[in-house]
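Residue numbering restarts at 1 for every chain, and letters A, B, ... go by the order of the sequence lines.
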Amino acid sequence: MLRQASRARLFKEYKEVQREKSADPDIQLVCDDSNIFKWTALIKGPSETPYDGGVFQLAFSVPEQYPLQPPQVRFLTKIFHPNVHFKTGEICLDILKNAWSPAWTLQSVCRAIIALMAHPEADSPLNCDSGNLLRSGDIRGYQSMARMYTRLAAMPKKG
Amino acid sequence: MESDGDMYEDSDVESAGDDFYGDGDASDGVSDADDDDFIGNDPDDSDDLCAKKNYVVLSDDDIRRLMDDDISKVFSVLSISKIEASALLRRYNWSVSKVHEEWFADESKVREAIGLKINNKIIQSPELNSVICVICFEDYSSDGILASACGHPFCVECWRGYISNSLSDGSGCLNLRCPEPSCKVAVTQDMIDLLASDVDKKKYYGFLFRSYVEQNRKIKWCPAPGCNFAVEFDIGSDNCDVMCNCSHCFCWNCTDEAHRPVNCETVRKWKEKNRAESENTNWILAYTKPCPKCKRPIEKNEGCMRMTCRDPCKYQFCWLCLNSWSTHGYNPCNKYKPETEDEKKKEMARQSIVKYTHYYERWAANEKSRRKAVEDLRRMDEVNVKELSKLQRIPETQLKFILDAWNQIVECRRVLKWTYAYGFYFPNEEQTKRRFFEYLQGQAETGLERLHHCAEKELEIYLNVEESDSKAFYDFRRKLTGLTSVTKNYFENLVRALENGLEDVDSLNAK
């Protein structure tokens, strides 16, 4: 029953994504060919941030209770950000935990993650090094680290 | 093993005097008249130390009634719905005065904080035939759609899923909000009533009911396992000891067992120390001691401290200090004697263990004795009083003095136990006070031992004899009742004196 409901809802989201492919040029959501509960997304690093120019890949794992329960999302692309685990790519974001609402969609989750990239929360860090740089006021240090990892991991290699 | 038979013998000797009295026949009629008289004189005041009523024990029904009363108080004054009143109260920890205060200070702020709609600005669904539910993305005609006070439309099925999902997450469901992420309006009880399954509704009202006790500053659950009562306490009262209807006595402040005359902080320190020291004192916890005379191991399986070794040794001694009872008698052995010259030379560490052991052993022995007394009390209540009533041809109601005595013993054992924690932390510098404290404690112990012995051993005579004369029983009753009331008074004074930090000694010293 639940699985049916979440499948139906994901199917609707899939159709919506197909229909409005160009609506949000920063987000490209792709459903796994064989499993509608697995999605990936490519998101563009927001401008005026150290992630500008990078393209980051996200992996979605959608539970059967979706949309009553949130999807699990993590970065596949390495990123230096206070709220993203440096090794696993796990994301600390309230709407993916207790502030989840069934009215959110995979698309809106991507938008929330882009917003998080632009506005890091240094007080609940998953990446302590990054969080400490920000909390100690070393904005330049944080930005240069984040920019370096964006270049290394999120930009196409030149030549 | 200590033999019971020896203990009886001992009792027989002691109570021989009583037996001599009773050879004259007393008819039932006379005996009854005596009873009435006797009971009439008895101030029927079985209150113990923890029963000065600054608290009320609440059953489920009482709690529901109080909850309804509080809700009524709020909805009648603020003229809002019952459901809104209940949400408001929950937000402010079920304090009616706090709700009134906040509401009249800034109504719209309060409404916003708990998600009550501010005015009737309901989002009008567009004048179309169909509405899209933004959870399942299906089209619905307007009758398949429901909304909370804010008007955000979702289909009935998605509402059901949303509500049942939140209920499976625990008591957070009481603060459920509209599924629309930007909307802060509460999903109130009426929606739950309408949409939740019966099982979920029961859960919801269970959470609501528990929140009334758990968020309320004045009410706490009784901590005894399996007990469903709660206790409402007059905050600010001095005496925090309360007794639940399940007969568990606990301190309302720290919810540990009742512990007058020592304070919560001392109890915490003492228990922590017990945990830390348990390795050193394991040998004491083994509960056996060799008889001081014949060295046979003895397990203490009776309540009072006067021990008698089995035949042929029959040595009588005090369980605590192991001295002969013939010299010990009912004299207290509670005083902690500092080490002799030789031992003073030994390292400080050992001294502190010895000191701790002294207090711990007495603390633990009184606790064990208290537990035994609780069992004995139950047996008295369920079995012995009935038997005795048959044997002595006295109505059970007139044997209440036995239960009173046992209740008093339980109570006193607990107090006495905690005086040892009190003694352990008593400042060494205050010599005069310490001597006075040890004197008081010793007297308390003597009195209690007498009472315990009388209620345990002297009573057994009347339980084992087919027909004993009523005169002797009358004397026994007078003795036990007298001991109970004397001990009760003594312990009440003791608790008061210790709680005051023995301030009388100060005033005496000043003079």
Query - Between B:T188 and B:D190: side-chain donor-acceptor atoms closer than 3.5 Å - result: yes

Query raised in the report: With chain A, which of B:S164, B:G161, B:S166, B:C178 has the greatest number of heavy-atom pairs at distances under 4.5 Å?
Result: B:G161

Query - Contacting region of A:P102 [heavy-atom separation from chain B under 4.5 Å] - result: both

Query raised in the report: Can you say whether A:T105 sits under 4.5 Å from chain B via the side chain, the backbone, both, or neither, judging by heavy atoms?
Result: side chain

Requested in this report: Could you pull out all residues at least two apart from A:F75 that satisfy ring pair (Phe, Tyr, Trp, His ring centres under 6.0 Å)?
Outcome: none

Query raised in the report: After noting the C-alpha distance and the side-chain angles of B:K269 and B:E265, does the key distance pass the salt bridge (charged side-chain N to carboxylate O under 4.0 Å, His left out) rule?
Result: CA-CA 6 Å; B:K269 268 197 311 198; B:E265 177 57 18; 5.6 Å; no

**Report entry** Qualifying residues under ring pair (Phe, Tyr, Trp, His ring centres under 6.0 Å), relative to B:Y92, sequence neighbours excluded
**Finding:** none

Query raised in the report: Using 30° and 60° as the class limits, which term best fits the ring planes of B:Y162 and B:W159: parallel, tilted or perpendicular?
Result: perpendicular

Requested in this report: Identify whether NZ of Lys or CZ of Arg in B:K218 sits under 6.0 Å from the centre of the six-membered ring of B:F233 and within 45° of that ring's axis.
Outcome: no

Query raised in the report: Mind checking what makes ring pair (Phe, Tyr, Trp, His ring centres under 6.0 Å) contact with B:W94, not counting sequence neighbours?
Result: B:Y212

**Report entry** Proximal to chain B - members of residues 44-60 of chain A, heavy-atom separation under 4.5 Å
**Finding:** none

